[in-house]
Structure formats: C-alpha cells, structure tokens
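Just so we're on the same page: letters track the sequence lines, and every chain starts at 1.
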Amino acid sequence: MNIVAINSSAFAFIVLIIWWFWLSRPKARRETGIKPIEVLVDNGVYTPSRIEVPVGRPIVLRFLRKDASPCAEKVLFDDFGISADLPVGEPTDVVIVPKQAGEYEFTCQMQMYRGQLVATAAS
Amino acid sequence: MNTAKDPVRLSISGMTCAGCVATVEQALQNTPGVEQASVNFAEHTATVSGSFEVKTLIKAVKDSGYSAAELRGAEDEKEKEAAEFAHYRKLLRQAIVAGIVGAPLFVSGVLGRMPGMATQNERLFWLGVGLATLFVLIYSGRHFYIGAWKAFRNHNANMDTLIALGTGTAWVYSMLITVYPDIVPSLARHAYFEAATIIIALINFGSALEMRARGKTSEAIKRLIGLQPKTARVIRDGVEQDIPIADVGLDETLRVRPGEKIPVDGHVIDGHSSVDESMLTGEPLPVEKKVGDEVVGGTINKSGSFLFQAKRIGRDTALARIIEMVRQAQNSKPAIGRLADKISSVFVPSVLIIAVITFMVWANFGPEPRLSYMLVTTMTVLIIACPCALGLATPISVMVGVGKAAEYGVLIRNGEALQAAGKLTTVVLDKTGTVTEGSPTVTDIVTADTWQENEVLRFAASIEGGSEHPLAEAIVDAARTRGLELDSASSFEAVAGHGVTGSVSGKTVALGNEKLMLAHGVGIDELATDAEILALTAQTPMFLAVDGKLAGLVAVSDPIKKDSKAAIDRLHRKGIKVVMLTGDNQKTADVVAEQVGVDEVIAEVLPEDKAGKVAELQERGDIVGMVGDGINDAPALARANIGFAIGTGTDVAIESADITLMRGSLHGVSDAIDISRATVRNIKQNLFGAFVYNSLGIPIAAGVLFPFFGILLNPIVAGGAMAMSSVTVVSNANRLRFFKAGGKK
C-alpha cells in the first residue's frame, strides 16, 4: 500500500469535507415573498433548503411533508420562536416576518433537516 | 365524498400569472359534482364546494398542468395515526427482509461455515450473496442512500449520510474483492455483506421502535385535541339541528344536553347545570353554571340541559388556544439544550473527519491484514455515531414535560419557562384572588355619631357604583341584597392605593383607608379601635366620610382559599421562600399571612409599585416567581423570573404570564416546579447518555482499545448500539408520563 498516497488522499478528503459542509453554501433560491414559497420535506432535506427573501415582508413558507418518519414532523424557526407541526401530505403554512437582514436557520427538532432563510434588503 | 356544506381548500402550485387562475378555476368547475370553485392567486389556494371526491379535484388540477394538495384546518388525528402506522409497518417489513437475508450469513460466519474466495465456485457464491445484499440495500435501505445523496447536494450531512457511507463502503469493498480478489492481499479477502444487511435491519428496527415510543410522547396533545366535539346542536329559526362544529357562527344559540360536551365558548342564556371542567383545569369538582356564566368548549355538561350563546368559535376558543400554546411550548427548547443543538449541527461532518483519520491511522500503524482493519474501523465509526440521540435528548423530554403539565392544568409558555420554574428560590403571591378567593363580601358595618347602618352602606355603595375593584363589587352587592336604592355618583375619582372620592346626593363622599381620611383631614379616632379589631380578624376596614366628617366603617372580608395553606406548606418543603404582596393594609395582610404561613409580607403596595418590589427581591439574589391574576399584576408578572397567572383563562393573563395556572389553586405553582425539576432532570439524563454514548462509542469504534487490550468493535454490534441509542432516549423521556406531582414518581 502506498502510504503517502493514502495520507495525501485522507488529508484531501478532510479538506473537502470542511469545505463542502461548513464553508460553502448551496445556491439560494431567490423569492419575491409575494406568493407562498413551497418547501418540500422529504428524504432528509428541505427543498429548497436555502431561500433568499426580501427583508420586512411577511413570508409564507408552505411546507409539504412527504417523509413519514418522525424526524420530519416539526419545523422550528428558533430565531423567531416559531414552530409548526407538519402532518404528512398536508401543506402547512408558516408565516415569518424577517425584520432584519440576516441568515435565519430552520431545522427539524434534531437538527438533521436544515435550511436557511436569507433575508436581504430589497434591491 | 365531500358535501356541499363543507367546502374543501386546496393548495395549488405552479400558478405564475392571473391567466393560470382562470385555467385552474375552469378545471375545477368542470369536475363533476363541483358547485362552486374559486382560486385565490395571492394565497395560491382554491376553495371548492359541492359533492365530489377530493382526489378527482386534485387530478383535475394536475391534468390542467398544475399540482394540488388538500389544505385542512383541523388536524385529523386518526388519519395521522394511520399514516404513522403504515410507516411503522414499512420499517418493520424492511427490517425483517434485511434480517432474513443477513441472519443466515451472520450465523454461518460466526460458526466459520462460510466458504473462502479461492476458487471460481466460491467467488460465484459470494457474487450471489453480493447481489442478494444489493437487493436488501435497495429494498430496505433505499431511503438512507437517497437521503444521503440529497443532503450532500444541499451541503448537508445527516444520519442517512453515516449509514449510507458505512454500509455502502462495506458492500463496494466486498463486491470488489469478490470480482477482483487479487487487488488485496489474501489475508484481507473478507467480505462484509452480512454486516451491511444486518446493520440496515437493526437500524430500521430501531427506527420502528422509536416511532412507536414517540407516538406516546404526544399523548397529552392528542388528549386535548380529542376534547373537541365534532358537532354542535344549534337553534336556527326555532329549529334545533346538529351541525359540524366548524359551521357554528358567533352569537348563535346552542343547546347542550346532559352528558354532552360543550362545543364552543359562550355564556349561558337559559337553564342551569353543573359542568365538569377537570380536563382543562385539573379541578376535580364540577362547577355550577347559571344564566350569565361562562362555559368553555370541550368541557362536559353533567346534569341539566341549558342554552348558551356562542362567543368564541374556531381558533379563538380557549381550548384551541390552549392546544396551540401547548404545541408551541412543546416545540420550543430550553437553554439547556442549546449546547447539544450546536454539537448536533456540526456532528456528522465531524464524524466523517474522524472516520477519515481512523482510516489513515490504521493505514499507517495497523497490523496485517491492514486493509481489513482500516475498513472495519472506519465503517464502525460511521455506524456507531448517533446524532439523533443527541438531537432528541432535549426536545423529546420537553414535549412530554409540557404535555404532562397541561394535564395538571398548568400551561407552560415555552422551554425557557419550563427550565426556569425549577430554579425559583422565592415565590411572591398577590393576596386577592391568589391566596384568597378573590370574591370578597361585606362582613361588618360600624356607624359613627348618629349614622344608621343602611345609610352608611347606601353612601358607600353609591360612591363605589362606578368602581371595578373587587371590594367595590362586594359593597354594591351588599346594598342590593338589603334592597337599598343607590344614587349615582358624580366627580368620581379612584385614588390608587387609597380609595375613592366623589359626590353623592350633593354631598362630598370619601371611602377608603386611613391614608385617604388623613389626606382629606377627616378624624378617625372614634372608630380607630373598631378598625384595628376588624383588621386583626383578617377583614379590610374602609372608612366612610361624608362632607368631611366620619360616618362609619365598612368591613370587607375575602375568604382564604381552602388549600392555600397546604400549597404554601408544599412550597416551603421545597425550600422556597414565600412572600405575600398586597395593596391591603398591613394589619389585615399580617393576619392573612399568619393564617397561611407565608415568610414575609409586603403590604400597602400601590399596584404600580408591585413590579418594583419584585425587582428589589431579585436584587437580593432571589430567583422570583410572581403569582397573580395576570391583569392587575401584569407588570410584576413580566418583571419576575417566572410570572404565574392564576385561575383565569383571559387573553391578557395568558399573554402576560410564563405559566398559566388554569386551576385556581396555588398547588399549581408547586406542580409546575415539580414538573420543571423532573423534566430538567430527564433532559440531563438524556444529554448525559447521548454524550457518553457518542464520546465513548466513537473512540472505541475507531480502535483506541486495540493497542492495549486487542479489543475491536464489530460493526454489527455498533449498528445495534446505534439503533438502540435513540430508542433509549425516547423511552427515558416517556418515563415522565408516569410523573406524579408532589414529588412521588
């Protein structure tokens, strides 16, 4: 076994893990916030998971849960103190008013489902 | 089949312009049975009435190029349970299929009956096993791989990532050495197909168990939702008819017969009965209801039949608001869970890094067959790590704890309040309505000079006619009982903490305490001794002055609640100091304090100063819980570390309090503290377990014990431990369901 190659690959892997999971972000989907934003809850992810919205406007996030496992049953917006139960197959609306620009996380109870609401000043 | 009465709401996706609205509306209108369909573009919803199957509507929308799903206001618990049960069975089925394939391989392996990989036939056998394993991975473990891939694309990693990588690596490596055995040294030619299948079986089985256990954690909210009746008996145009509860309108007249549930909130307008409110307040005795009394939806009418007028319907009923509050509180997290949250959010990538380091260390320092060791330890690290146990530790206990509190008639606003309630060192009680019943009555009238009792009472009641103070109500009631004619008061003025002044029948009248008399230059010497005696027997004396001269004394007494003393004793047993705060005079307050056994009395406090007194206690280092009616005491409740609103379901009270005690008893304070302490203890156990499990499990899986004791963890054992770790957390939280307030478990 070529130890040098293994070690180099391992280091490269570690760098990749850090970069992909912690340093880089998925591309945000830009929304106007005028109509409800549909978020699919399935297979361990929110789709879209990163949503850019204008600041100061009420945003309706319409969650549609397809994953029947209990992990997906709640969505929490810790920064806003808002949470909702998501019944399977039933669209559930969550209304958020991001008053300040910033990145707000929404997660399931166990932090495995993760998404971000990015509020930016309207251009 | 939908009926015309019950319109269906659909959420419509894919509409981009007003033109789409017309298309969707047309599609719905053309569906057989639809009487009316309207689409709201702003909300992206459609409301459809008529007689039809909802799925035909959804299909019609889909055929027109959009998609639709039904929006339902009230949660259908049965449907939800059916969906959960279906998922549970699916998990079990997947576990069994994986077990059937994996178990024989595992047992044969343990018994050493598995062939090697030397001959063509042996390799063909392993190829067959590999394909069977692939079938298991696809059938039973598909969700892990899809989840892992989708999470990866979203720059996220979760439990699926770990399982998919762990089992995926095992399969790919095993398949490679089966097809190309020469790429590894002969000693490392060991296939791990059985590990992949058994791990998938165990984790699916664990998820199924967890799901069953989790169902029990939401029992409290299910019980509350179950209190909502489905129908109401409404009287329309003189005809009684049963209608779905959603159709009840405001101010409609409803009939409730004995044994029935009261459908919505309202006021009794005819008849009387006793109502069992225990499901909401925890108060075991039925409450008498007569004309004018408030009735609450979800409570049970015991004896008589009565009519009432609906005053709060739908989401505005007390029950609906309680359900919403409990739900929100169940989803909120106390500070104690923040660290676990932070760790959870970086957990999986960290485990991936540890797995890579494990791989590297074994490659550099491991014995032969090195490749096998590298693979087994890396796989075991991935499999044993359990982010779920850590992530679940806090919320699952909060869910059970908040639910349990609701059963005791204690509504906890959020996780912060739940955690803080257990740390209180001092409880401040407002007197009127908290320690006492809050329904004072006139107990004595003493006259001065040549005044008659009824005249004194008539003046006192006339001046108090405009006041909303509970003491004023008592005086007015007493005058009415005696059949006295009251005059209207003019220039009425309430002087907070002193009393009232004004003009009755052309005379200047002042009614209040000693301070008010002093301020008006009225001498009270004649009745000073009477006033002192009355105060010493827990009655509140009020002086009446007419045209600047003392006319008499009206004594009002507010009976102490039967269980106040026992409840205060219970607080003492917890080592909590009890302070009584009141606007009443010092002597009356002292007597009440002595009867119930509080440690400190702060009397003659103006309403606006109550918050300041709470702040003073806090400055002494006390962690203060303030108990009051939630309306007059709102600032003090807000100032305290925990504000308890007692015995009232009013909006203001619920809004201003951290904890609402729906039962009038002070025992609710102790119950809340007991539940808080039990829940926080439970959370700590869970967090401790999850931390210890992961921080011991991962290093052992990586092989730290191998150099010293030659111990290496089998990946299958890791899979079993991982599957059981979250089940253990949920089961521990479920123990809280058996909690009994009063310290008995």
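- Atom-to-atom distance recorded for A:Asn7:CG and B:Phe359:CZ is 10.0 Å, nearest 0.5 angstrom.
- Heavy-atom pairs under 4.5 Å with chain A peak, among B:Thr161, B:Ile146, B:Leu91, B:Val346, at B:Val346.
- In terms of heavy-atom proximity, B:Pro395 sits nearest to A:Gln109 at CB-NE2, 3.3 Å.
- Per-residue heavy-atom pair counts under 4.5 Å with chain A were compared for B:Gln328, B:Lys333, B:Met211, and the maximum is reached by B:Gln328.
- With respect to chain B, the highest number of heavy-atom pairs below 4.5 Å among A:Gly44, A:Ser69, A:Ser9 belongs to A:Ser69.
- Neither the backbone nor the side chain of A:Glu105 comes within less than 4.5 Å of any heavy atom in chain B.
- Shown here for B:Asn331 and A:Leu76, the closest heavy-atom pair between the two residues is O-CD2, 3.0 Å.
- Proximity to chain B involves both the backbone and the side chain of A:Phe21, based on heavy atoms less than 4.5 angstrom apart.
- Nearest heavy-atom pair, A:Ser49 versus B:Asn154, reported as atom, atom and distance to 0.1 Å: OG-OD1, 2.6 Å.
- Nearest heavy atom pair, residue A:Met110 against residue B:Ser344, reads O-CB, 4.1 Å.
- Across A:Ile6 and B:Ala363, no two heavy atoms sit closer than the pair CG2-CB, 3.8 Å.
- Interface remark: A:Arg50 contributes no atoms to any contact with chain B (heavy atom separation under 4.5 Å).
- When each of A:Cys71, A:Pro70, A:Ala10, A:Pro48 is checked for heavy-atom pairs under 4.5 Å with chain B, A:Pro70 comes out on top.
- Residues meeting the side-chain contact (heavy atoms from CB on, under 4.5 Å) test with B:Pro387, sequence neighbours left out: A:Met112, B:Met159, B:Leu162, B:Phe347, B:Val348.
- Of the residues considered (B:Ser332, B:Cys388, B:Ala340, B:Ala355), B:Cys388 shows the highest number of contacts with chain A, using heavy-atom pairs under 4.5 Å.
- At least one side-chain heavy atom of B:Asp341 sits less than 4.5 Å from a side-chain heavy atom of A:Asp78.
- In this structure, B:Arg89 places its CZ atom where only 12 or fewer heavy-atom neighbours from other residues, nucleotides or ligands lie under 6.0 Å away.
- Between A:Trp20 and B:Phe152, the closest heavy-atom pair is NE1-O, 2.7 Å.
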